[in-house]
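In this chain, numbering begins with 1 at the start of the sequence shown. Numbering of ligands and ligand atoms starts at 1, following listing order.
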Amino acid sequence: MTAYHIFTPEQAMRFADEHSELFGEHSKLSAAEFGDGNLNLVFRVVNDKGTSLIVKQALPYARCVGESWPLSTDRARIEAEVLQLHARFCPEHTVEVLHFDRELSAILMEDLKQYEILRTALIKGKQFAHLAPQLAHYLANTLFYTSDFVLTGPAKKAAVAQFINPDLCLITEDLFFTDPYCNHERNNIHSLIQDSARALWQDEELKAEVAALKADFLSKPQALLHGDVHSGSIFINEENCKVIDAEFGFYGPIGFDVGSLLGNLLLNYVACPGLFNDTLQGASQQQFLLSQIRTLWQQFAQTFSHLQQTATQDPALQNEHYQVRFLQQVFADAIGYAGCELIRRTVGLAHVADLEKITPAPQRAACEKQAIALGRALIIKRQHLATIDALVQQISQTVAPLPHD
Ligand code: ADP
Ligand code: MG
């Protein structure tokens, strides 16, 4: 075992070569650090035939900030183990981990160079019919098979312990649920939406609901979450999509993963009028996103419910009424967490390119205000939006078409 040291491209190259047969004996290898990642080092290692692999290494601090923000390198173990476990239940849509070295906090994985990042594709106005069905399948399978429906009590407790992830959970706890609702120095608020941000800090009704969502995030270990299913963690091409970057994984509320994805589709939805000068293209993209949101929930619920009925091991949890009630609560939770994602990406520390790319600034501010208004409506009304139709109607009602110049 080699003691931890931060990889140079040369060392990442040797690590990849040592742990994969893929390159062949006489390959000429090259490597470069290329990730635009926030927290980690990401290298691409390529041989002279164009075969390539990815090496991702956790630093003892957050890459984007530096040593002043220490972060446990155990996140690499969590990422590798979540991906390996999720791949058991959904190999089609989980990036393949080829090797993990605990001492070096380094993961060797397949290179998804035939794919592009979903956020980038959506910003370009690309539409994929397989997006929602595939991600519904991924979420339903990974979440069901790691839940109490399947695991025995002792196995579940061992799994919860295996994925205790205090450093990364704290980031979510702060950035999702605390900072946006007070005047926190970490917030990043454009000058044109200062008033909307201030209104959030005084909104006691909203803050009570966000407190309830945070309390659930802290204390509802339903399933092994990916923990960061935003559209930058999803790679897509014309046939398939694959999920990467599971370092935020832990046992938490199922609605959090579903809601993070819904929230990211909705961030693009509110950005459409600002991203596309052509009003028709913007409207078509919004229609596409709404239909994907509808399909995502319908197919997630269908698959999860089927698994509940056919694969539940715990005799008490086989009760049909309980199963229906469980899924209904997942829906309400997902709507709430989607709302939190909309708000925190607008006034919190980490923004998204969907909104950041919009110019001029007043146009961007108008879209950001819609994100806040939609986020608020979803958080407050989540227990009353009982069906996917009700959710879609709420989205269309809250997000008014923007005037174009
Ligand atoms: P971080 O956790 O530090 O944010 P990510 O896992 O999100 O790092 O990776 C950062 C970037 O590296 C991604 O946006 C992508 O461009 C690239 N990347 C990561 N994993 C892969 C992969 N398996 N295949 C291709 N590119 C990848
Ligand atoms: Mg990450």
Side-chain angles (χ1 to χ4, degrees), residues 6-7 9 12 15-16 19-20 22 31-46 50-66 69-84 86-87 91-100 105-124 138 163 165 167-172 175-176 225-237 240-250 256-257 260-261 264 341 344-345 349-354 356:
I6 294 174
F7 277 165
F15 177 77
H19 299 292
S20 165
L22 211 65
E33 208 258 315
F34 79 109
D36 48 1
N38 287 325
L39 301 182
N40 307 287
L41 287 177
V42 181
F43 300 88
R44 172 170 281 136
V45 182
V46 194
T51 305
S52 56
L53 290 172
I54 299 292
V55 175
K56 177 170 175 177
Q57 186 183 39
L59 300 169
Y61 48 85
R63 177 179 186 246
C64 60
V65 176
W69 185 356
L71 216 50
S72 163
T73 50
D74 190 45
R75 67 188 188 275
R77 176 191 66 81
I78 302 255
E79 172 163 359
E81 291 179 359
V82 172
L83 291 173
Q84 284 165 336
H86 282 182
E92 315 86 298
H93 306 306
T94 307
V95 68
E96 189 186 356
V97 171
L98 304 171
H99 181 75
F100 169 62
S105 298
I107 303 173
L108 181 66
M109 62 183 131
E110 69 172 309
D111 187 355
L112 298 173
K113 65 182 170 197
Q114 315 287 5
Y115 294 69
E116 72 179 316
I117 289 174
L118 176 62
R119 193 183 307 288
T120 315
L122 291 178
I123 289 171
K124 286 188 213 152
Y138 163 80
F163 292 104
N165 193 358
D167 280 20
L168 286 272
C169 282
L170 183 63
I171 295 177
T172 307
L175 299 193
F176 261 76
L225 307 189
H226 173 283
D228 199 18
V229 193
H230 63 82
S231 40
S233 299
I234 298 163
F235 272 85
I236 194 157
N237 63 19
N240 196 20
C241 57
K242 288 210 176 196
V243 178
I244 64 159
D245 197 13
E247 67 193 326
F248 282 79
F250 79 113
F256 185 78
D257 267 4
S260 298
L261 180 55
N264 275 268
E341 176 71 352
R344 73 111 177 178
R345 294 293 196 176
L349 172 72
H351 287 207
V352 289
D354 313 53
E356 292 295 286

- Out of E92, Q114, E96, E110, which residue meets the side chain to side chain donor-acceptor pair (under 3.5 Å) rule with K242? E110
Should you measure from each heavy atom of [X], which atoms of ligand 1 turn up under 4.0 Å away?
| X | result |
| --- | --- |
| N38 | 1 (P), 3 (O), 4 (O) |
| E110 | 22 (C), 23 (N), 24 (N) |
| F235 | 15 (C), 25 (C), 26 (N), 27 (C) |
| N40 | 1 (P), 2 (O), 3 (O) |
| K56 | 1 (P), 2 (O), 5 (P), 6 (O), 8 (O) |
| M109 | 23 (N) |

- Item | Salt-bridge criterion met for R44 and D111 (N-O under 4.0 Å) | yes
- Message: Tell me every residue that passes ring-ring contact (aromatic ring centres under 6.0 Å, His included) with F250, counting only those two or more places apart in sequence or in another chain.
- Response: F217
Does [X] reach the side chain of [Y], with side-chain heavy atoms less than 4.5 Å apart?
| X | Y | answer |
| --- | --- | --- |
| I54 | F43 | no |
| L41 | I6 | yes |
| R345 | D354 | no |

- Give every protein N, O or S atom lying under 2.8 Å from the Mg ion (ligand 2), naming each by residue and atom. D245 OD1, D245 OD2, E247 OE2
- Sequence neighbours excluded, the answer for side-chain contact (heavy atoms from CB on, under 4.5 Å) partners of A76 is A58, F100, S105
- Task: Could you tell me whether the side chain of Q57 and the main chain of F7 form a donor-acceptor pair under 3.5 Å?
- Result: yes
- Query: Y115: heavy atom below 4.0 Å from ligand 1, yes or no?
  - Reply: no
- Query: With respect to H99, which candidate in I107, L53, V55, L108 satisfies the side chain to side chain contact (heavy atoms under 4.5 Å, CB included) definition?
  - Reply: L108
- Item | Output field: ring centroids F256/F176 closer than 6.0 Å | yes
- Non-neighbouring partners of H230 that pass side chain to side chain donor-acceptor pair (under 3.5 Å), sequence neighbours left out: R119, S233
With heavy atoms under 4.0 Å as the rule, classify the contact between [X] and ligand 1 as side chain, backbone, both or neither.
| X | result |
| --- | --- |
| V42 | side chain |
| D111 | both |
| E247 | side chain |

